[in-house]
Each structure stands twice: as structure tokens, then as C-alpha cells.
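Read the structure below first, then the notes.
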Amino acid sequence: MPENKSTTRHTGHTRRTRSLAAVALGAAVLSAASQAPAQAASVGTWDRVAQCESTGNWSINTNNGNYGGLQITLPTWKAYGGLAYASRPDLATKKQQILVGEKILAGQGPGAWPNCNAGLSTDHAKPYSDRIGAYDPATATFYESNDNSTVAGSAKFGNPGWTPLVGDWNGDGVTSIGAYDPNTQTFYLSNDNSTTAVTAKFGNPGWKPLVGDWNGSGKDSVGGYDPATATFYLSNDNSTAAVTTKFGNPGWIPLKGSW
């Protein structure tokens with residue numbers, strides 16, 4: 001078990017006992033964590049934990065040794081792989097903090113947040129598991145499902161003949177829709193499934209549009225694949241190509257994923 005030091009800290013106007021998630025981990029703790037049963041929680045539950053811990057401020061840093069929405073200390077952040085995202089939790093995106101929180105939950109259980117763990121014991125949904133959806137090219141309408149069964153929402157975006165896209169364009173941990181106009185090589189990306197937040201011209205005629213989190217920032221950005229040369233062009237700023245790489249052979253179909 002983590003060292004159980006009782007100190008106090010302020011989060012907003014509430015005074016509480018320091019969360020065990022904010023306690024440094026020793027080698028014995030890491031060994032025990034590897035044997036603990038896996039757990040998970042939905043984004044909604046993590047939002048409630050953060051609301052209790054930090055009034056929902058995912059970028060909070062009050063110089064008390066606890067950082068971000070889930071109030072994680074640097075030793076804990078490092079022990080559970082947080083440095084792959086940022087040097088401190090408050091500098092990482094909400095999604096990245098939740099992903100580290102998932103590892104802490106799996107290793108220590110809900111008791112890692114002794115005063116703010118409502119729902120962590122009963123909500124076993126993965127926070128960022130994919131759900132199905134469908135796109136009607138005749139009407140340029142997206143249909144989304146939250147339970148892989150019923151339609152939870154629909155949105156008309158773009159024009160017939162455009163290529164549908166989905167991604168987390170602003171790093172809030174939620175997938176939104178987008179579209180690509182092959183006639184002008186222009187991407188249109190929405191953060192609210194309604195209006196266009198980003199318009200980006202990228203690539204050349206005949207290229208295949210791609211979107212992905214190419215640099216691990218927590219945000220998806222645009223890319224393109226030239227089928228004639230089997231070359232990927234990936235952008236981190238929706239403007240310039242940060243990565244140019246030849247992979248596969250001409251005529252192959254481009255793919256992307258977190259392998």
C-alpha cells in the first residue's frame with residue numbers, strides 16, 4: 001500500500017485529507033500494483049473525481065505538490081508513465097491525465113482517492129473505448145451511437161462527396177466529426193459537431209486524407225498519403241508537414257493506429 005501520510009491541502013474552498021494518489025510510490029507499491037485487478041471508469045466519473053479534487057480544473061497548480069484535475073504528485077505521475085505526456089500532470093491534457101489515472105486506479109484501486117472516489121468502485125467502463133457510428137454520403141450526415149446499438153445523435157456536416165472524418169481535434173478527450181473536400185484538399189474539423197473550428201488545406205489532388213495524434217499531444221491533426229509514392233505526410237499544426245515517411249508500396253491502403 002502507498003505510504004499513508006496525513007496532511008491537508010486546499011482545493012478551492014474545501015479542506016480535505018491529502019489523496020493517496022498524491023503519495024510517492026516505492027518499489028514495493030509498484031510490485032503490488034502489477035498484481036492488482038484491473039479497473040476502469042468512464043470520463044463522466046473521472047470528471048466527478050476532478051470536480052471533487054480540484055473543482056474540475058485540469059490545469060491547476062497551487063504549488064502544494066499535487067497537480068492537475070486529479071491532484072497527482074510528480075512521483076506518482078512518473079511511476080505510472082505520465083512523463084510520456086508531460087513533465088507534470090497540470091501540463092498534460094485532460095485525456096492524458098485520465099489515462100494515467102486509469103493506471104493508478106488499476107494499481108491502487110479507488111482508495112487512491114479516499115475522499116473523492118464516488119463512482120470509481122462501480123463504474124467499470126473504459127473512458128475512451130470506441131463506439132460505432134455511420135455516415136450517409138448522400139446527405140453528408142453522421143449518426144453516432146453511445147451503446148453500439150441505438151442512435152445517440154446525428155449531425156449534418158460538409159457536403160455530399162466529401163470524405164467523413166472523426167477525431168479529438170482539441171484534446172478534450174471527446175471525438176468530434178470532420179470532413180475532407182477532395183476537390184480542394186481542404187479539411188473541415190468541428191469541436192461541437194456543428195460548426196467548423198478548423199479549416200486546413202493540406203496535401204495534393206489524389207492524396208488520401210488521414211487524421212491522428214502524430215506527436216502524442218492528445219490532439220488529432222491532419223495528414224495525407226500519396227498513393228503514387230506510398231509516402232505519408234503528417235502535420236502536428238494542421239499546416240506544415242512535421243513527418244514525411246515512405247512506407248509500404250504504391251497502391252497500398254494507408255492505415256493509422258496506436259499499435
Report task. With sequence neighbours excluded, give me every salt bridge (charged side-chain N to carboxylate O under 4.0 Å, His left out) pair touching residues 91-105. Result ->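 For residues 91-105, and leaving out neighbouring residues, the salt bridge (charged side-chain N to carboxylate O under 4.0 Å, His left out) pairs sorted by first residue read Asp47-Lys94.
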
Query raised in the report: Which pairs count as salt bridge (charged side-chain N to carboxylate O under 4.0 Å, His left out) when at least one residue sits in residues 63-88, sequence neighbours excluded?
Result: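 Every pair satisfying salt bridge (charged side-chain N to carboxylate O under 4.0 Å, His left out) with a residue in residues 63-88: Arg88-Asp90.
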
Run the side-chain hydrogen bond (donor to acceptor under 3.5 Å, both in side chains) test against [X] and tell me which residues pass, sequence neighbours left out.
X: Ser194; value: none
X: Asn159; value: none
X: Ser59; value: Asn57

Query raised in the report: Which pairs with one or both residues in residues 236-246 pass side chain to side chain donor-acceptor pair (under 3.5 Å), sequence neighbours excluded?
Result: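 Passing the test, one end in residues 236-246: Ser235-Asp237, Asp237-Thr240.
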
**Report entry** Pairwise side chain to side chain donor-acceptor pair (under 3.5 Å) hits with a residue in residues 223-232, at least two apart
**Finding:**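 For residues 223-232, and leaving out neighbouring residues, the side chain to side chain donor-acceptor pair (under 3.5 Å) pairs sorted by first residue read Asp226-Thr229, Thr229-Thr231.
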
Kindly indicate whether the side chain of [X], heavy atoms from C-beta on, has any atom under 4.5 Å from the side chain of [Y].
X: Gln71; Y: Ile60; result: yes
X: Asn61; Y: Asn66; result: no
X: Asn117; Y: Val49; result: no
X: Pro127; Y: Ser42; result: no

**Report entry** Qualifying ring pair (Phe, Tyr, Trp, His ring centres under 6.0 Å) pairs, either residue in residues 41-73, two or more places apart
**Finding:**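 Qualifying pairs, neighbours excluded: Trp46-Trp113.
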
Requested in this report: Could you name each residue pair satisfying ring pair (Phe, Tyr, Trp, His ring centres under 6.0 Å) that touches residues 235-259, not counting sequence neighbours?
Outcome: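 Matches after skipping sequence neighbours: none remain.
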
Identify, with sequence neighbours excluded, every residue that meets ring pair (Phe, Tyr, Trp, His ring centres under 6.0 Å) alongside [X].
X: Trp207; answer: Tyr233
X: Phe157; answer: none
X: Phe202; answer: none

**Report entry** Thr76 vs Leu74, side-chain contact (heavy atoms from CB on, under 4.5 Å): CA-CA, chis, key distance, verdict
**Finding:** CA-CA 5 Å; Thr76 303; Leu74 290 181; over 6 Å; no

Query raised in the report: Got more than 12 heavy atoms from elsewhere within 6.0 Å of NZ, Lys126?
Result: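 Atom NZ in Lys126 is not crowded, with 12 or fewer foreign heavy atoms closer than 6.0 Å.
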
At their closest point, which heavy atom of [X] faces which heavy atom of [Y], and how far apart are they?
X: Val100; Y: Gly82; answer: CG2-CA, 3.8 Å
X: Trp77; Y: Gln96; answer: CH2-O, 4.3 Å
X: Ala140; Y: Pro160; answer: CB-N, 3.9 Å

Query - Full working for side-chain hydrogen bond (donor to acceptor under 3.5 Å, both in side chains) between Thr199 and Thr196 - result: CA-CA 7 Å; Thr199 300; Thr196 299; 5.2 Å; no

Query raised in the report: CG of Asn64 to OG1 of Thr73: how many Å apart, nearest 0.5 Å?
Result: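 Asn64 atom CG to Thr73 atom OG1 measures 10.5 Å (nearest 0.5 Å).
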
Query raised in the report: Taking Tyr188 as the fixed residue, which of Trp169, Trp162, Tyr180 is the one that meets the ring pair (Phe, Tyr, Trp, His ring centres under 6.0 Å) rule?
Result: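 Per the ring pair (Phe, Tyr, Trp, His ring centres under 6.0 Å) rule, the option paired with Tyr188 is Trp162, out of Trp169, Trp162, Tyr180.
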
